[in-house]
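Worksheet: one structure, shown below.
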Amino acid sequence: MGWYSSSNPDVVRYHIDSLDYAYFGLSIASWWGPDTHLDRARLTMLLDATIAKNSTLKWTIYYEKEMKWNPSVYEIQNDLSYLMRWFARHPAWAYKDGKPLIFVYNENSNCELVQRWKQASRDEWYLVMKVFSNHKECALQPDSFHQYGSGDDGVVRNRGYSFVISPGFWHAIQKTARVPRISPRKFCLNVKEMTRSREPWQLVVSFNEAGEGTMIESSTEWQSRSGYGQYLDCLHDVPMSAAIHSMPFMTILSLSSLVLSFMTK
């Protein structure tokens with residue numbers, strides 16, 4: 001398929017098919033703020049297509065603005081109001097404990113970050129924030145924490161919070177891979193380890209983040225008979241054979257305008 005656009009309805013339908021095939025229960029779409037990357041058109045298309053296909057997949061966003069800009073309480077409140085107005089009331093949006101779910105990507109964080117978000121969200125959102133060094137010492141706590149990353153062996157675990165697997169990491173601007181891509185066989189072993197962990201958040205980084213070399217969607221480099229690719233086959237096969245699996249898989253999806261992926265279908 002080569003270069004594709006996230007605005008293409010055929011691509012959207014194929015992505016949902018792929019996510020369903022791999023038993024993903026939640027897809028987390030990168031989001032940089034209102035009216036970025038045609039968010040209203042693309043997120044709405046994803047939500048609508050999910051319902052149209054009778055998929056059980058749920059959606060939320062990865063709030064990326066916190067990575068660099070430390071938005072104020074007022075700005076966060078405006079962003080949450082925007083998300084609620086346009087997306088969070090949709091039947092395909094993810095809810096936990098009766099509240100709309102949101103993941104926050106925060107870097108170099110401290111307890112002030114948690115305080116800002118607790119004040120802005122008014123306990124109306126289920127907040128899942130990225131772990132930081134002294135997060136357990138904060139007087140205020142979000143609903144949960146998670147980690148984002150690619151460990152040397154393709155695994156990053158934070159006990160009690162999340163288990164993250166990734167096929168590697170090679171950013172487009174880097175000359176060499178930070179984490180060389182692991183084989184589908186090793187990825188399958190990591191999937192099994194993740195399911196055994198029973199961690200509340202079982203995350204795959206990522207579905208189609210080609211710019212960081214973490215994508216697992218189908219490619220000519222790891223094509224398979226299923227048409228979904230060897231990495232997605234790993235996720236598909238494990239829940240069918242492992243009764244211990246109790247949590248749906250979750251992944252990060254890019255909403256960038258153009259993504260490079262060599263798909264077999």
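None of the values given here were measured: they were computed from a predicted structure. Starting from 1, each residue takes its place in the sequence as its number.
Leu46 and Met84 fall within a single hydrophobic cluster, where Ile, Leu, Val, Met, Phe, Trp and Tyr are joined by side-chain heavy atoms under 4.5 Å apart, directly or via other members. Transitive grouping of hydrophobic side chains (ILVMFWY, heavy atoms separated by less than 4.5 Å) brings Leu232 and Tyr23 into a common cluster. Side-chain heavy atoms closer than 4.5 Å link hydrophobic residues (I, L, V, M, F, W, Y) into clusters, and following such links, even through other members, never connects Val155 to Leu189. Linking Ile, Leu, Val, Met, Phe, Trp and Tyr residues whenever their side-chain heavy atoms come within less than 4.5 Å places Ile216 and Tyr21 in a single cluster. Both Val114 and Leu80 belong to a common hydrophobic cluster when Ile, Leu, Val, Met, Phe, Trp and Tyr are linked at side-chain heavy-atom distances under 4.5 angstrom.
Side-chain contact between Arg196 and Phe163 is absent, with no heavy-atom pair separated by less than 4.5 Å. Between Glu217 and Tyr231 there is no side-chain heavy-atom pair separated by less than 4.5 Å. Residues Gln77 and Arg122 form a side-chain contact, since some pair of their non-hydrogen atoms from C-beta on lies under 4.5 Å apart. Arg13 is listed as a side-chain neighbour of Pro9, based on a closest heavy-atom distance under 4.5 Å. The shortest side-chain heavy-atom distance between Val205 and Tyr148 falls under the 4.5 Å cut-off.
Using modelled atom types, no side-chain atom of Thr251 and backbone atom of Ser27 make a donor-acceptor pair closer than 3.5 Å. Not one N or O on the side chain of Thr50 forms a donor-acceptor pair closer than 3.5 Å with the backbone of Leu57. Although no hydrogens or angles enter the test, the distance criterion places a donor-acceptor pair under 3.5 Å between the side chain of Arg116 and the main chain of Pro71. Not a single donor-acceptor pair under 3.5 Å links the side chain of Gln147 to the backbone N or O of Asn158. In this structure, the side chain of Ser72 engages the main chain of Glu75 through a donor-acceptor pair within 3.5 Å. With Ser219 contributing its side chain and Glu221 its backbone, the two residues share a donor-acceptor pair below 3.5 Å. The closest donor-acceptor contact from the side chain of Lys58 to the backbone of Pro91 lies under 3.5 Å. Looking only at distances, a side-chain donor or acceptor of Asn190 sits under 3.5 Å from a matching main-chain atom of Asp153.
The aromatic ring centres of His236 and Tyr228 sit 6.0 Å or more apart. Outside the 6.0 Å centre-distance limit, the rings of Phe24 and His15 are not counted as a close aromatic pair.
Expressed to the nearest 0.5 Å, how far CZ of Arg89 lies from CG of Leu47 amounts to 14.0 Å. Atoms OG1 and CG, on Thr44 and Leu38 in that order, are 11.0 Å from each other to the nearest 0.5 Å. Separating the CG atom in Leu83 from the CG atom in Leu43 is a distance of 8.5 Å, to the nearest 0.5 Å. Rounding to the nearest 0.5 angstrom, the gap separating the OG atom in Ser226 from the CG atom in Asp233 is 3.5 Å. Atom CD1 in Ile165 sits 8.0 Å away from atom SG in Cys234 (nearest 0.5 Å). Atom CD in Gln202 sits 9.0 Å away from atom CZ in Arg198 (nearest 0.5 Å).
With Trp117 as the fixed residue, the ring pair (Phe, Tyr, Trp, His ring centres under 6.0 Å) test singles out one of Phe103, Trp125, Tyr63, Tyr126: Tyr63. Shown are Phe132, Tyr161, Tyr62; of these, the ring pair (Phe, Tyr, Trp, His ring centres under 6.0 Å) with His146 is made only by Tyr62.
Looking at Arg178 and Ser150, their side chains never bring a donor and an acceptor atom within 3.5 Å of each other. In summary, the side chains of Ser144 and Trp201 do present a donor paired with an acceptor at a separation below 3.5 Å, with no hydrogens or angles considered. Side-chain atoms of Asp39 and Tyr82 include a donor-acceptor pair closer than 3.5 Å. Using a 3.5 Å distance cut-off with no hydrogens or angles, the side chains of His135 and Asn110 do not pair a donor with an acceptor. In this structure, a donor-acceptor pair under 3.5 Å is absent between the side chains of Trp31 and Thr36. Defined by atom type and a distance below 3.5 Å, a donor-acceptor pair is missing between the side-chain atoms of Glu209 and Thr214. Under 3.5 Å, the side chains of Asp79 and Tyr74 contain no donor-acceptor pair of N or O atoms.
Considering every non-hydrogen atom in both Ser166 and Phe187, the closest pair reads C-CE1, 4.2 Å. Between Glu64 and Ser30 the shortest heavy-atom distance is OE2-OG, 3.0 Å. Closest approach of Ala88 and Pro100 over heavy atoms only: CB-CB, 4.2 Å. What you find for Gly160 and Glu199 is that their closest heavy atoms are N-OE1, 2.9 Å. Here the closest non-hydrogen pair linking Leu235 and Val204 is CD2-CG2, 4.1 Å. Closest approach of Val156 to Gly151, counting heavy atoms only: CG2-N, 3.3 Å.
With sequence neighbours left out, Glu107 forms a side-chain contact (heavy atoms from CB on, under 4.5 Å) with Met67, Tyr105, Lys130.
Under a 4.0 Å N-O distance rule, the pair Lys96/Asp143 does not qualify as a salt bridge. Taking 4.0 Å as the cut-off between side-chain N and carboxylate O, Lys99 and Asp123 count as a salt-bridged pair.
Enclosure of atom CD in Gln141 by more than 12 non-hydrogen atoms of other residues, nucleotides or ligands within 6.0 angstrom is indicated.
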